[in-house]
Visitor: 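Would you mind keeping the following structure in view while I ask a few things?
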Amino acid sequence: MSEGSAKAPQKDPGKGTAKPRKFQAIKGTRDILPPDTALWNRVEQTAHEVFATYGFGEIRLPIFEETDLFARSIGFDTDVVSKEMYTFIDRPVEIPKPHNLNDLPRFLLEVEHALKNNEIPNTTRNRKTVEVLERTFSELETLSAQVKAGNINEAFDRQYRELLFQCSYLAAYVELGIEVTLRPEATASVCRAYIEHGMYTLPQPVKLYCLGPMFRRERPQKGRYRQFYQIDAEVLGGPDAPAVDAELIEMLMVYFRKLGLEGARLDINSIGCQNCRPKYVELLREALRKVKDKLGLDSQRRIETNPLRVFDSKLQTEQGVIAKLPHITDHLCADCAQNYADVKRELALRNIAFQQNWRLVRGLDYYMRTTFEIIAPGLGAQNAVCGGGRYDGLVELLGGPPTKGIGFAIGEDRLILSLQESGKPKVERGIDVFIAWMGEPAYQTAVRAARTLRDAGFSVELPGTPQKFSKALGQADKLGARYALILGEDEVASGQWTLKTLADGSQAKCTESALLEYLRKL
RNA sequence: GUGGGCGUAGCUCAGCUGGUAGAGCAUCGGACUGUGGCUCCGAACGCCGUGGGUUCAAAUCCCAUCGCCCACCCCA
């Protein structure tokens, strides 16, 4: 259902007879309705159960954090940070930006005051900005004094303009409120919490999982939404033994198996460490330059910006060239090569089938060694249902102690999509008993019966208004109820209630006290 | 940000070359004032995404715009 005028109501919506405009979920967000929610619950419940058996505890995190947290962990220069995050200033203090030179002293005064009273963020950025702004401004004043004294020439003029420009730039750079971002991923927040709560003093490693919505301001497509859901698990601290990597992957596979996900494929790779990867990247870049003319424009651009991304290319024409590129696993340092071999051995020990995928590389700098991904069928172009890897440097990067780390994130939307596509529509538990009643005395009995049955765990539907039995039974049928409890004058008078089995139409009489026993046996 | 496809009832769609809306399903009511599924009858449901243009006349043709879907880019 579309409503084109939603964003531009023609007539004043609040007044008169004009039809109120229809609202619509924001682009990239959606409602998840019953019966789908039953599947969502099963997916989440199974995660709770399986992850608990591996010693993971649930962590619940804020939906938004300081922008810097994500910028630092994901990388300031990535597309994600520069244009795909939901970022906003949280309640900026009202200090009008200066319009002209005469306005600048007023602005400076107010900002200093606000900074002193913690009304605007007391960040390095703000302190530095104000400091430089003050200096620049005083230079500007000196200069204009000279200009007034008649010392006008071209050099002065240029310098004056430059300073003026700097001032206005600096003024705009002052943050009048904390910049916050709706979380685009969970890992950074988990690490922040690990540090903030001193979890490095707990027995290591600390195993945490978390689930909930994430936000990315991208154009939606199949299996990719602006508000999407992830199930995320992280192992922080402890050794970086290959067994840790393998056990995490084992847990993942057990989880998917319990959910009945079919046709899932595990890909693994090692992307080395700070020692061996940069060397490989250069090697790759060299190799790519040699075949540049055989590549498409996108891949040509990537040669300089991020050569590893060439592996992601889906262009048919490039596949032949890409297949001949050097593999990172042939250029690992001795330690990394040993580690990769050990991880594979540990996986084999656990009977986990995997496929080595030398094209599987993660985009972030802090990722190292083991990376893995799970591809599921029925998902269109976005076919990865889970991605993960080792990130030993991240906690330290965020101001914590040197800490090993590895984790994964499952795309819950895609997982559910794939479960739905692979058929197996799991049956939702419908209602057990529909109470068809007629007459005021029967109603009292019906209310009591509903309460008793619900207390015993049955799902009961009790109509709030009188209905003819034909209608009530029709309703019961449409709702898929298993039984109809019929309460009319006869039943109330005799104390013998009528229980009808909808499937075959059979009916039986029983007393109120015998009802529960009777239902349990059926 | 770029490209392609699509917007008609709650849902799935018909409505060809212009003559100002239809079906099926679903909903509600009745046939059926103590018995559902079947059948029959009836009702409600639409500014044909929105704005403009062409025309005596636009769901239909043209332009614009918005929205949805899919793909690209990117992918934590």
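Note: hydrogens, waters and symmetry copies are ignored here, and every other heavy atom, side chains too, is used.
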Visitor: Taking B/rC40 as the reference, what is the distance to B/rA21 when you measure between their P atoms (whole Å, please)?
Guide: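 It works out to 28 Å between them.
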Visitor: OP1 or OP2 of B/rG30 sitting under 4.0 Å from any side-chain N/O of A/Lys471?
Guide: no
Visitor: Would you mind classifying the nucleic acid contact of A/Glu491 as base, sugar-phosphate or nothing, using non-hydrogen atoms under 4.0 angstrom?
Guide: base
Visitor: Using atom NZ of A/Lys27 as one end and atom C1' of B/rC69 as the other, report the distance to the nearest whole Å.
Guide: 10 Å
Visitor: Is any N or O donor-acceptor pair between the side chain of A/Asp477 and the base of B/rG36 shorter than 3.5 Å?
Guide: yes
Visitor: Determine the interatomic distance between C1' on B/rG18 and the same-named atom on B/rU65; round to the nearest Å.
Guide: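 Going atom to atom, C1' in each nucleotide, I get 24 Å.
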Visitor: Once you round it to whole Å, what is the distance between P of B/rG36 and CD1 of A/Ile431?
Guide: 17 Å
Visitor: What pattern of brackets, bars and dots sums up RNA chain B from 5' to 3', given Watson-Crick or G-U wobble pairs under 3.5 Å, [ ] for crossing pairs and | for another strand?
Guide: (((((((..((((.....[..)))).(((((.......))))).....(((((..]....))))))))))))....
Visitor: Could you tell me the separation between the CG atom of A/Leu485 and the P atom of B/rG34, rounded to a whole number of Å?
Guide: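 So the CG-P distance, A/Leu485 to B/rG34, works out to 17 Å.
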Visitor: Measure NZ/A/Lys478 against C1'/B/rG37 and give the value in whole Å, please.
Guide: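 The answer, rounded to whole Å, is 10 Å.
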Visitor: Are OP1 or OP2 of B/rC75 and a side-chain N or O of A/Arg224 less than 4.0 angstrom apart?
Guide: no
Visitor: Taking only the side-chain heavy atoms of A/Met438 (C-beta and beyond), determine which of B/rC72, B/rG34, B/rC74 contains the nearest atom.
Guide: B/rG34
Visitor: Nearest whole Å is fine: how far is B/rC73 P from A/Asn306 CG?
Guide: 14 Å
Visitor: Heavy-atom count check: over 12 atoms from other residues, nucleotides or ligands less than 6.0 Å from A/Leu297 CG?
Guide: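 Open.
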Visitor: For a quick check of understanding: with a heavy-atom distance under 4.0 Å over all strands, which category does A/Asp490 fall into, base, sugar-phosphate or nothing?
Guide: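 It contacts base atoms.
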Visitor: Taking only the P atom of each, what is the distance from B/rG5 to B/rC63 in whole angstrom?
Guide: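 These two P atoms come out 13 Å apart once rounded.
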Visitor: Can you tell me the distance, in whole Å, between the CD atom of A/Gln24 and the C1' atom of B/rG49?
Guide: 10 Å
Visitor: Please state how far atom CG in A/Leu315 lies from atom C1' in B/rA71, giving the value in whole angstrom units.
Guide: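 One finds 12 Å between C1' of B/rA71 and CG of A/Leu315, rounded.
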Visitor: Among B/rU35, B/rC70, B/rC72, find the nucleotide with the atom closest to the side chain of A/Gln382.
Guide: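 Looking only at side-chain atoms, A/Gln382 lies closest to B/rC72.
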Visitor: Can you tell me, in whole Å, how much space there is between the P of B/rU50 and that of B/rA59?
Guide: 10 Å
Visitor: Using the P atom as the point on both nucleotides, what is the distance between B/rC56 and B/rC13, in whole Å?
Guide: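 Result for the P pair: 37 Å, nearest Å.
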Visitor: B/rG34, OP1 or OP2 - any side-chain N/O from A/Lys468 closer than 4.0 Å?
Guide: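 Negative; the distance criterion is not met.
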Visitor: From CG of A/Leu308 over to P of B/rC74, roughly how many Å is that when rounded to an integer?
Guide: 13 Å
Visitor: Using a strict threshold of under 4.0 Å (side-chain N to carboxylate O), is an ion pair present between A/Arg285 and A/Glu282?
Guide: yes
Visitor: Between A/Arg309 and B/rC74, is there a contact of a side-chain N or O with OP1 or OP2 at under 4.0 Å?
Guide: no
Visitor: OP1 or OP2 of B/rA71 sitting under 4.0 Å from any side-chain N/O of A/Gln221?
Guide: yes
Visitor: Please classify the nucleic acid contact of A/Ala381 as base, sugar-phosphate, or nothing, using heavy-atom distances under 4.0 Å.
Guide: sugar-phosphate
Visitor: Apply side-chain hydrogen bond (donor to acceptor under 3.5 Å, both in side chains) to A/Tyr86 and A/Glu84, showing your working.
Guide: CA-CA 7 Å; A/Tyr86 273 102; A/Glu84 290 164 9; over 6 Å; no
